[in-house]
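Okay, structure first, notes after.
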Amino acid sequence: MEVKTINGLGLSRYRGKKLERAFFRRGAEAVARELIGSVLVRTVDGVRRMAMITETEAYVGTHDLACHASKGRTRRTEIMFGPPGYAYVYLIYGMYHMLNIVTADEGDAQAVLLRGAQPMDHWDAVLTGPGKLAGAFQITLADRGTDMTGDELYIVKNAGYHLNVITTPRIGIDYAGEWKHAPLRFVGT
DNA sequence: TATAAGATCGCCT
DNA sequence: GGCGATCTTATAC
């Protein structure tokens with residue numbers, strides 16, 4: 001993979017390899033942290049779009065009160081209990097799609113929410129915020145269960161550009177009790 | 001069958 | 001900083 005430029009980051013070349021299932025078969029916290037600086041790829045309207053991931057959140061299992069899987073294994077959360085590397089997509093507030101990727105072994109319901117990214121290759125898009133990111137990549141409920149180690153929607157490993165990673169509590173989960181303070185949001189700067 | 005609330009965003013003051 | 005849009009999901013009746 002090669003990209004001529006990355007908007008705003010001053011890169012002149014980009015090389016990386018697709019993340020495989022083994023990468024996602026680990027805990028959501030490690031995956032979320034390491035996804036900062038990696039590149040989300042999908043062909044949208046016939047054009048291959050890429051964006052460097054700059055913000056993620058980890059949802060670490062059924063014991064995590066902020067994680068949808070804490071409600072149990074339902075039709076909605078079923079995908080999170082499955083094998084890693086698949087897309088968990090849901091609609092929030094009736095209008096915004098959220099793109100997550102399932103992590104950890106089958107039966108261990110963990111996932112990473114992709115919250116923000118930096119468009120690459122002169123793509124004029126605003127990807128600051130999970131709703132905007134999913135919108136720009138045209139993620140819909142139809143993408144639930146998509147294999148993100150396949151060719152349609154995938155992530156490429158960060159190759160060379162090192163981002164400093166800041167850790168903060170997650171956004172919009174005031175209902176999560178003790179878990180609302182957990183430092184599971186990762187932001188690249 | 002009905003209801004309440006949500007891993008957000010943009011517009012308003 | 002506050003609020004409304006808009007609909008899936010879970011839970012209650």
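Here is how names work: the chains are called A, B, and so on, in the same order as the sequence lines, proteins then strands, and each is numbered from 1.
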*Quick one: Met95(A) CE to dC3(C) C1', roughly how many Å, whole number?*
12 Å

*Can you tell me the distance, in whole Å, between the CG atom of Asp174(A) and the P atom of dT8(B)?*
10 Å

_Atom pair CD (Glu78(A)) and CZ (Arg76(A)), whose distance is rounded to the nearest 0.5 Å_ = 14.0 Å

*In this structure, which one of Leu133(A), Leu91(A), Asp143(A) forms a side-chain contact (heavy atoms from CB on, under 4.5 Å) with His97(A)?*
Leu91(A)

*Decide, yes or no, whether a salt bridge links Arg49(A) with Asp121(A) under the criterion of side-chain N to carboxylate O below 4.0 Å.*
no

Give every pair of a protein N or O atom and an N or O atom of nucleotides 10-12 of chain B that lie under 3.5 Å apart, one pair per line with the distance.
residue: dG10(B); atom: OP2; partner: Lys132(A); partner atom: NZ; Å: 3.3

*Arg25(A) NZ/CZ over Phe23(A) ring centroid, <6.0 Å and within 45° of normal*: no

*Taking atom C1' of dT8(B) as reference, at what distance in whole Å does atom CZ of Arg170(A) sit?*
17 Å

*asked:* Within the supplied structure, the quantity of interest is the number of heavy atoms (other residues, nucleotides, ligands) at a distance under 6.0 Å from Gln138(A) CD; does it exceed 12?
replied: yes

*Just the dot-bracket of DNA chain B, please: which string comes out with Watson-Crick or G-U pairs under 3.5 Å, [ ] for crossing, | for another strand?*
||||||.|||||.

*Which whole-number value in Å describes the distance from His97(A) NE2 to dT8(B) C1'?*
12 Å

*Please determine if Asp64(A) and Arg170(A) form a salt bridge, counting it only when a charged side-chain N lies under 4.0 Å from a carboxylate O.*
yes

*Could you give the CG-to-C1' distance, from Leu141(A) to dT6(C), as a whole number of Å?*
13 Å

*asked:* Please report the interatomic distance CD1(Ile171(A)) to CD(Glu55(A)), rounded to the nearest 0.5 Å.
replied: 7.0 Å

*Spacing of Arg75(A) atom CZ relative to dT8(C) atom P, expressed in whole Å*: 12 Å

*Remember a base hit wins even if backbone is also touched, and classify Arg185(A) as base, sugar-phosphate or nothing at under 4.0 Å, heavy atoms.*
nothing

_Sidechain-backbone polar pair: Asn100(A) side chain, Val89(A) backbone, donor-acceptor under 3.5 Å_ = no

Polar pairs (N or O, both sides) under 3.5 Å between protein and nucleotides 5-7 of chain B?
residue: dA7(B); atom: OP1; partner: His68(A); partner atom: NE2; Å: 2.5
residue: dA7(B); atom: OP2; partner: Tyr175(A); partner atom: OH; Å: 2.3
residue: dA7(B); atom: N9; partner: Tyr59(A); partner atom: OH; Å: 3.4
residue: dA7(B); atom: N9; partner: Tyr90(A); partner atom: OH; Å: 3.1
residue: dA7(B); atom: N7; partner: Ala66(A); partner atom: O; Å: 3.3
residue: dA7(B); atom: N7; partner: His68(A); partner atom: NE2; Å: 3.0
residue: dA7(B); atom: N1; partner: Asn100(A); partner atom: OD1; Å: 2.4
residue: dA7(B); atom: N3; partner: Tyr90(A); partner atom: OH; Å: 3.1

*Consider only side-chain heavy atoms of I, L, V, M, F, W and Y, link residues closer than 4.5 Å, and tell whether Tyr154(A) and Tyr86(A) are in one cluster.*
no

*Is any NZ, NE, NH1 or NH2 atom of the basic residue among Lys157(A) and Glu34(A) found under 4.0 Å from an Asp or Glu carboxylate oxygen of the other?*
no

*Yes or no on side chain to side chain contact (heavy atoms under 4.5 Å, CB included) for Arg115(A) and Thr56(A), after CA distance, side-chain angles and deciding distance?*
CA-CA 5 Å; Arg115(A) 290 189 55 90; Thr56(A) 61; 6.0 Å; no

